Amino acid sequence: MNLAIDCQGLVKRFGTYTAVQGVSFQLPAGAIMGFVGPNGAGKTTLIRMLCGVLVPTEGRATVLGFDVLTQPEEIKQRIGYMSQKFSLYDDLTVRENLDFYAGVYSLHGKMAKEQKTRVIERIGLVERTSQLVSSLSGGWKQRVALACALLHSPQLLILDEPTAGVDPVSRRIFLDLIHQLAKEGITILVSTHYMDEAATCDYLGFVFYGHLIAFGSPDEMKEKEDKDNLDDLFIYYVENEASDDPRNLALKKGGRG
Amino acid sequence: MGRFSWVRFFAVLRKEFLHIRRDRASLIMAIAMPIGMLLLFGYAVNTDVDHLSTVVWDQSQTADSREFITSIRNTQYLDPDAYVQGYEQIEGSLDSGKARVAVIIPPNFGKELQKDNGQADVQILVDGSDPTIARAAMSAVQMLGLNKSLEIQGVRLAAKGATAGTNMPLNIETRVWYNPDMKSMVFNIPALIGLILQNVIAMLTSFSIVREKERGTMEQVVVTPIRSLELLLGKLLPFVFIGFVSLTLILATGIFWFGVMPAGSIPLLVLLSTIFLFTILAIGLLISSIARTQLQAMQMTFILILPSILLSGFIFPRETMPIFLKILGGLFPLTYFLEIVRGIFLKGVGMEYLWQDTLILCAFAIILVGIAAKKFKKNLD
């Protein structure tokens, strides 16, 4: 099996605080994987390690066959990344942002032009190219960010809560785009809080207190714990894994789950 | 409605104290600023000019000339510590800034003083580039000359009575070099090149990087294959360009509007300004590596500006500062750049006298750029 991501016992400590403790999983190429977990669970830290931006304290991981410790530059050239916070240049137009990222990924000349035309059409930005990014709505901004992340034809797309704070319609459009991209053979790793989004993934990883507490396809997981939907599964895991978590007490008092 | 509520008022009051306590920067400012400013202003803002380094060309070599030199020293205004021979050496010491004042005693000084109705000439050359210093030095020697004359006249009258002549025994001739009209503008405009360049470029540079941190665009850039050197050079080069535009603007305004012509070489000035520009870019970069928001970057730039105005010799002569402040002033690249611009503008000197300041500036540039680039790289990782 061709693996897009192969993680073995990844650990990340910041001083005495352990953000990620011993995460291992294997993601086949061409699949969509969702990271689910509460805020502060370590999803972003894990993602940043896989991007080659953060150096793991322990363990090893290969992304697209490259080691995150020794070959981060090779990884960066082959992945597309979009963060939870919209992070393109507000005071530049859509095209200017695309031009910048094309350059940063060493695309130039005819190649750059072709790739830009391709993503502009693919994401449906044709009429927006001359608009200032600051004048776009949240949903459109996310699509521009996605366009920038796709310019260099990445084999792996990493999306860190891409749809946080986006209205439901834009979210659906965005999600459809992601699924089309997956069909075209791009491996996708996405972190999310929305269970409907998570349900459409091929694989799910539950991240909690820095641990990957469950990994598998959504159906497998529901079957294994005998739960009807992912919401219940999520709450079940939280109750089981951290009986001392304050959120848990609140849950029990509320009589849910 | 309309009634003053103590509960609401106290809620705001308490919250505000909590803010101040949590906000480390404000707390430091509230405590360190008053003390820092008091010390800085108290010591640096010192317009009393004394102990100016002075060179003496004593061609007379008599008891009278030595006595005269001693009385110069006793004024406390001038320190005639170095002896030279000839105008060439005098020019050298004034050009290099080693001396502010030169005293020239002619060969017939002793003879003239001993004569019944003799008049001894003393020539005093004053470096007028800093009008404050020049004025203080001149009034000090004029007073001394007058006093000395009266003293000698008194002795002559006592010895000879009415037959003693009416000539002033001592004739002090002062000449101001470099800035003969002692215009403050001539002194200030060249220095402003340094100050303006420092403030504008440091602020713009730090802003451009902190803005990316603030808006989160840096987060997106670090996951791309870009190297920190590529990013650094790409971000800084526009500011080198802007720096040159500012420099040209200030120079042109100084020359054509204020009419302050540089006496020395403009290409040399531009070349050395470039080195200074690099130190400023590095300072901007350092600020950006500490500051997290543009507001913080702005505050830090201001913290840099005030002492650099006071301690660099921009307004107050560094010679008269206590040693501690002199050392502190030596930590600002601006201090050395001011020596360079004033040297070129007012004295028209070249590298033969500016090489020391240039070397120090180069060292600053290399060290600061090195530290800043390293911090920048570390921040990216």
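Throughout, protein chains are lettered first and strands after them, A, B, ... in sequence-line order, and every chain is numbered starting at 1. As the structure is a computational prediction, the values presented were derived from the model and not from experiment. Values reported hereafter were calculated over all heavy atoms of this structure, with side chains retained and with hydrogens, waters and symmetry mates removed.
In plain terms, the two heavy atoms of B:G216 and A:S87 that are nearest each other are O-CB, 2.9 Å. In terms of heavy atoms, A:K76 sits closest to B:T224 at CD-O, 3.3 Å. Of all heavy-atom pairs spanning A:E73 and B:P225, the tightest one is OE1-O, 3.3 Å.
Other residues, nucleotides and ligands contribute over 12 non-hydrogen atoms within 6.0 Å of the CZ atom of A:R78. For B:F278, the CZ atom is loosely surrounded, since the number of other residues' heavy atoms within 6.0 Å does not exceed 12. Atom CZ of B:F302 is surrounded by 12 or fewer heavy atoms from other residues, nucleotides or ligands within 6.0 Å. Other residues, nucleotides and ligands place no more than 12 heavy atoms under 6.0 Å from the CZ atom of B:R292. By the neighbour-count criterion of 12 heavy atoms within 6.0 Å, atom CZ of B:F9 is densely surrounded, having more than that number from other residues, nucleotides or ligands.
Within residues 96-111 of chain A, the residues that have a heavy atom under 4.5 Å from a heavy atom of chain B are A:F100, A:Y101, A:V104, A:Y105, listed by number.
Once rounded to the nearest 0.5 Å, the distance linking OG1 of A:T44 with CD of B:E219 reads 8.0 Å.
Heavy-atom distances place the side chain of B:E212, and not its backbone, under 4.5 Å from chain A.
Counting only heavy atoms from C-beta outward, the side chains of A:Y89 and B:Q220 never approach each other to under 4.5 Å.
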Show which side-chain atoms of residues 243-255 of chain B pair as donor or acceptor with protein atoms under 3.5 Å away, not counting sequence neighbours.
from   : atom 1 : to     : atom 2 : distance (Å)
B:S246 : OG     : B:I242 : O      : 2.9
B:T248 : OG1    : B:F244 : O      : 2.6
B:T253 : OG1    : B:L249 : O      : 2.6

